[in-house]
Each structure stands twice: as C-alpha cells, then as structure tokens.
Amino acid sequence: MLNPKKIEQIARQIQDSLPKGVKEFGGDIEKKLRMILQSQLGKLDLVNREEFDIQTQVLLRTREKLTAMEKRLSELEAKLEDKNALSADNAEKKE
C-alpha cells in the first residue's frame with residue numbers, strides 16, 4: 001500500500017510545477033491530481049520497501065539452504081559412488 005502522504009507530496013510537486021494560470025484553480029486541481037495518482041498507482045503491481053526487504057532476506061536464507069543442500073547432495077553422491085565402486089571390486093574378487 002502506498003503512503004497517502006507520499007501521494008499528497010507528489011500531487012503538490014505536480015501542482016507546483018504547473019503554470020501560474022493553472023495554479024489558480026488550486027485545491028480543486030490538487031484533489032483531482034491526488035485522486036488520479038492514487039487510482040493509477042493503485043493499479044501498479046508495487047510493494048513497499050519493508051515488504052521488499054523482507055522478501056530479500058527470505059531469498060537469501062533460501063539461497064543459503066539451497067547451497068547447503070547441494071553440498072550435502074554432492075557428499076552423498078560421492079559416498080554412494082565409493083560404495084558402488086567397493087561393491088564392484090568385491091564382486092570381481094569373488095569371481
């Protein structure tokens with residue numbers, strides 16, 4: 001959700017940048033600008049900074065877990081290969 005104060009600030013900045021003749025309409029234009037901004041920004045697929053930071057931390061933890069799991073999988077595969085190699089050697093010796 002967008003901060004209403006930010007929307008008001010943007011509306012004021014837009015109003016301040018308007019030519020002098022247009023500024024005379026004052027509050028009416030600011031209200032309409034605020035409504036339009038709120039409507040259009042609400043349609044965008046945005047997240048706030050706090051939500052973004054939380055998702056970044058989740059992603060980092062997930063990446064760490066994935067790296068650990070990949071390492072563990074490699075170790076288990078190596079052990080399995082060693083075990084299979086020993087079994088193959090023992091089978092050849094019995095023949």
Peer 1: Picking from Glu50, Gln57, Glu51, what satisfies side-chain contact (heavy atoms from CB on, under 4.5 Å) with Ile54?
Peer 2: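 Of the listed residues Glu50, Gln57, Glu51, the side-chain contact (heavy atoms from CB on, under 4.5 Å) partner of Ile54 is Glu50.
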Peer 1: Looking at residues at least two apart in the chain, or sitting in another chain, which of them share a side chain to side chain contact (heavy atoms under 4.5 Å, CB included) with Lys83?
Peer 2: none
Peer 1: Only distances under 3.5 Å count here; give the side-chain donor-acceptor pairs of residues 58-77 to other protein atoms, sequence neighbours excluded, each with its distance to 0.1 Å.
Peer 2:
from: Thr62; atom 1: OG1; to: Val58; atom 2: O; distance (Å): 2.8
from: Thr67; atom 1: OG1; to: Arg63; atom 2: O; distance (Å): 2.9
from: Ser74; atom 1: OG; to: Glu70; atom 2: O; distance (Å): 3.1

Peer 1: State which residues pass side chain to side chain contact (heavy atoms under 4.5 Å, CB included) with Gln13; sequence neighbours excluded, sorted by chain then number.
Peer 2: Gln9
